Amino acid sequence: MIAGIFDRAAPMYDDVGVDYFRPIAQMLVDAVDLRPGDRVLDLGCGRGAVLFLAAPAVTPGGHVTGIDLAPAMVEATAHDLASSGVSNADVRLGDAQQPMTDESSYDVVLASLSLFFLPRPLDALVAYRQALTPGGRLGFTTFAGDDDRWSWLDEMRRTYSQQGPAPQLGHETFRDDVTIAHLLTEAGFSDVSSSTHVLPVTFTDAEQWWQWTWSQGMRTFWEQLDESALAGARAFAMNQLATMRNAEGVIELRQPIRVTTAAATG
């Protein structure tokens, strides 16, 4: 299901004029302090927000491998790599739940807004620790809450959902710093640190927001609606968004993002 959603989103993913995935990727790359020569694994790489920032940071001598479960994402990102001339990165089809890597084959494992999709995150984190060299670094981003001004989205989901309430991504496993620290310690990591940053995301108008939601994970909600419910949900959203334009005429989302880093124990 997840692969299909992102396959269909791939042509427009991170490409509707909204600055979202790249600044979050920058937060992550900055937090892990990439160094020349590092071998990096980028899990759930999407269209390469992390990958394209990490590749120059590990030059010379380093390499970045991105994996993604969606074939269309892998194909598009491989094309982008070839077009850009980046020579120290590659992208492959793979599952972040089971990345199938050799032990101690990477210095850094990164995952931006992807771990909360995994059915068994603890098992995945154990696999990442084994893939890292002793003392290697893990870094990932998750959502750290919501912008209260957008609480109407919950009402919209409750009103129009035809499959019950939508699950909140990472609600339990990644719900707070303490829970995450316990999870990582259980998986064999140390020196766990989390920090929260608020990312201002702007939309020129309601239509741009609508297109953006189809280009990322919220597409999951829209696709489960029939034609009538989708039309109702869109009208509801448009009415709400009409009240949210600021003095400059744009609509703003202030999204809390958590950046977590840890070290692999030997």
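These values consider heavy atoms only, across backbone and side chains, with no hydrogens, waters or symmetry-generated copies. Not measured: the values here are computed from a predicted model.
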Identified side-chain contact (heavy atoms from CB on, under 4.5 Å) counterpart of Phe52 within the set Val29, Asp42, Leu81, Val64: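 Among Val29, Asp42, Leu81, Val64, the one meeting side-chain contact (heavy atoms from CB on, under 4.5 Å) with Phe52 is Leu81.
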Roughly how far, to the nearest 0.5 Å, is the [atom2] atom of [Y] from the [atom1] atom of [X]?
X	Y	atom1	atom2	answer
His63	Thr65	NE2	OG1	4.0 Å
Phe174	Thr141	CZ	OG1	10.5 Å
Asp33	Asp38	CG	CG	8.5 Å

For residues [X] and [Y], determine if any side-chain heavy atom of one lies less than 4.5 Å from a side-chain heavy atom of the other.
X	Y	value
Leu199	Met27	yes
Tyr128	Leu43	yes
Leu113	Phe143	yes

Is the side chain of [X] donor-acceptor paired with the backbone N or O of [Y] at a distance under 3.5 Å, no angle test?
X	Y	value
Arg47	Met73	no
Gln224	Ser161	no
Glu103	Thr133	no

From CA spacing to verdict: ring-ring contact (aromatic ring centres under 6.0 Å, His included), Trp152, Trp150: CA-CA 5 Å; Trp152 56 266; Trp150 291 74; 5.6 Å; yes
Asn246 atom CG, over 12 foreign heavy atoms within 6.0 Å: yes
Greater than 12 external heavy atoms within 6.0 Å of Arg149's CZ: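 Result for CZ/Arg149: enclosed.
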Worked verdict on Gln240 versus Met156 for side-chain contact (heavy atoms from CB on, under 4.5 Å): CA-CA 10 Å; Gln240 294 293 328; Met156 182 193 72; over 6 Å; no
